[in-house]
Engineer: 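Got a structure for you, written out below as structure tokens; questions coming shortly.
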Amino acid sequence: MAYWLMKSEPDVFSFDDLVAKTERGEVEEWHGVRNYAARNNMKAMAVGDQAFFYHSNIGKEIVGIMTIVAPAHPDSTGELNAKGEVVWECVDVQSVRPFPRPVTLAEIKATEALSELELVKLSRLSVSKVSDTEWKLLCKMGGL
DNA sequence: GCCAACGTTGGC
DNA sequence: GCCAACGTTGGC
């Protein structure tokens with residue numbers, strides 16, 4: 001199983017919004033990603049992979065864990081290319097559990113063991129990889 | 001295929 | 001609101 005980190009601006013779509021949807025038995029299509037590196041990460045995801053939900057701009061913290069419930073498929077909001085193909089893809093997600101204690105970007109940056117985290121190194125990438133050791137440490141910092 | 005100009009992201 | 005980082009576009 002692989003681990004990931006996905007960003008969302010909470011005033012657009014927050015972890016609480018995802019929890020509410022999940023409780024209603026719905027899934028969330030992670031649409032709107034328009035960056036090839038981020039898209040490729042989503043194409044590499046498998047059902048059952050887990051991902052941190054990071055609130056960008058407002059909060060700047062990891063607030064919970066979600067899971068991938070559908071592999072990459074055409075983004076319903078994606079435009080077509082000249083050949084009529086859907087260029088952009090996305091996965092579907094559901095919430096797993098919130099962090100008892102959100103882990104802030106400032107804390108992450110202050111942690112030596114997380115200096116290689118893609119969130120830090122590739123700050124503009126909205127869907128990034130998290131290693132097994134980074135995942136475990138971040139869960140611990142989040143109170144799980 | 002190079003590179004300058006421009007647009008977007010996201011932290012501060 | 002500013003700006004650094006970086007991806008994309010388009011002229012040559």
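Letters A, B, ... mirror the listed sequences (proteins, then strands); counts begin at 1.
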Engineer: Between A:Phe53 and A:Trp4, does the ring-ring contact (aromatic ring centres under 6.0 Å, His included) criterion hold? Intermediate values first, please.
Structural biologist: CA-CA 9 Å; A:Phe53 195 119; A:Trp4 310 94; over 10 Å; no

Engineer: Among the candidates B:dG10, B:dG11, C:dT8, find the nucleotide nearest to the side-chain atoms of A:Lys109.
Structural biologist: B:dG11

Engineer: Please report the distance, rounded to the nearest Å, between CG in A:Asn57 and C1' in B:dT8.
Structural biologist: 12 Å

Engineer: Measure CD1/A:Ile58 against C1'/B:dT9 and give the value in whole Å, please.
Structural biologist: 14 Å

Engineer: Tell me the interatomic distance from A:Lys121, atom NZ, to B:dG11, atom C1', rounded to whole angstroms.
Structural biologist: 18 Å

Engineer: Measure from CG on A:Asn35 to P on C:dT9 and round the result to the nearest Å.
Structural biologist: 12 Å

Engineer: May I have all residue pairs that pass side-chain hydrogen bond (donor to acceptor under 3.5 Å, both in side chains) and include part of residues 65-77 of chain A, sequence neighbours excluded?
Structural biologist: A:Glu29-A:Ser76, A:Arg34-A:Asp75, A:Arg34-A:Thr77, A:His73-A:Asp92, A:Asp75-A:Thr77

Engineer: Looking at A:Lys7, does any N or O in its side chain come under 4.0 Å of the phosphate oxygens OP1/OP2 on B:dT9?
Structural biologist: no

Engineer: Heavy atoms only, 4.0 Å cut-off, all strands: where does A:Leu122 land among base, sugar-phosphate and nothing?
Structural biologist: nothing

Engineer: What about A:Arg34, does its side chain sit under 3.5 Å from the base of B:dT8 through a donor-acceptor pair?
Structural biologist: no

Engineer: Rounded off to whole Å, could you give me the CG-to-P distance for the A:Asp11 and B:dT9 pair?
Structural biologist: 13 Å

Engineer: Can you say whether the rings of A:Phe52 and A:Phe99 are parallel (under 30°), tilted (30 to 60°) or perpendicular (over 60°)?
Structural biologist: perpendicular

Engineer: Quick one: A:Leu5 CG to B:dG10 C1', roughly how many Å, whole number?
Structural biologist: 14 Å

Engineer: Over how many whole Å does the gap from A:Tyr36 atom OH to B:dT9 atom P extend?
Structural biologist: 15 Å

Engineer: Measuring from the side chain of A:Arg124 (C-beta onward, heavy atoms only), which nucleotide among B:dG11, C:dG7, C:dT8 has the closest atom?
Structural biologist: C:dG7

Engineer: Please check this pair: side chain of A:Arg97 against backbone of A:Ile65, looking for a donor-acceptor N/O pair closer than 3.5 Å.
Structural biologist: no

Engineer: Establish, with yes or no, whether the OP1 or OP2 oxygen of B:dG11 is under 4.0 angstrom from a side-chain nitrogen or oxygen of A:Tyr54.
Structural biologist: yes

Engineer: I'd like to know if the side chain of A:Gln94 reaches the main chain of A:Glu26, judged simply by a donor and an acceptor atom lying under 3.5 Å from each other, with no hydrogens or angles considered.
Structural biologist: yes

Engineer: In whole Å, I'd like the distance from the NE2 atom of A:His55 to the P atom of B:dG10.
Structural biologist: 13 Å

